[in-house]
Amino acid sequence: MSALHTLDVRLYEALAGAGLSATERDRVIDLCDFVVDMVPGSGLPHPGRTTRTAVHLLVGETVPALDAQVRGDIARLCEVAVVRGL
């Protein structure tokens, strides 16, 4: 199982009870994958924190109906993925 696939599974689990449409859920997953893939190679300081903040902001703007607690949970999942080198 690839690292991004593992992250996607965890994200789907976190989003399971969020009441999002399939399109919104897929949009969140795509945003998370994009940020997790982009940040480590960007040379930005604190890649984990940068990832968490970017995911939190982008998801909040793209899917405003998503509960803030769930948004924070998925942002932390993405942060951990970057810090652990997924």
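Any value given below was found using the heavy atoms of this structure, including those in side chains, with hydrogens, waters and symmetry copies removed. Residues take their numbers from the sequence shown, with the count starting at 1.
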A.B. asks: Nearest 0.5 angstrom please: L66 CG to H56 NE2, how far?
C.D. replies: 9.0 Å
A.B. asks: So which of V35, V82, V83, T50 actually passes side-chain contact (heavy atoms from CB on, under 4.5 Å) with P40?
C.D. replies: V82
A.B. asks: For residues R25 and L20, report the shortest heavy-atom separation together with the two atoms involved.
C.D. replies: NH1-O, 3.9 Å
A.B. asks: To the nearest 0.5 Å, tell me how far Y12 OH sits from I74 CD1.
C.D. replies: 12.0 Å
A.B. asks: Is it the case that one hydrophobic cluster holds both L57 and L11, taking links as side-chain heavy atoms less than 4.5 Å apart, direct or via other members?
C.D. replies: no
A.B. asks: Might you work through the salt bridge (charged side-chain N to carboxylate O under 4.0 Å, His left out) test for R76 and D73, ending with a clear yes or no?
C.D. replies: CA-CA 5 Å; R76 278 187 293 282; D73 291 346; 2.7 Å; yes
A.B. asks: Could you pull out the closest heavy-atom pair between V36 and C78, with the gap in Å?
C.D. replies: CG2-CB, 3.7 Å
A.B. asks: How far does CZ of R10 sit from CG of L7, to the nearest 0.5 angstrom?
C.D. replies: 7.5 Å
A.B. asks: When rounded to the nearest 0.5 angstrom, what is the spacing between CG in D37 and OG in S42?
C.D. replies: 11.0 Å
A.B. asks: Same cluster or not: V28 versus F34, using hydrophobic residues (I, L, V, M, F, W, Y) connected whenever any side-chain heavy atoms lie under 4.5 Å apart?
C.D. replies: yes
A.B. asks: Could you give the distance from CG (L77) to CD (E13), rounded to the nearest 0.5 Å?
C.D. replies: 9.0 Å
A.B. asks: Supply the atom-to-atom distance C32 SG to E79 CD, rounded to the nearest 0.5 angstrom.
C.D. replies: 12.5 Å
A.B. asks: I'd like to know if the side chain of E24 reaches the main chain of S21, judged simply by a donor and an acceptor atom lying under 3.5 Å from each other, with no hydrogens or angles considered.
C.D. replies: yes
A.B. asks: Quick check: is I29 connected to M38 through a chain of hydrophobic side chains (ILVMFWY, heavy atoms under 4.5 Å apart)?
C.D. replies: yes
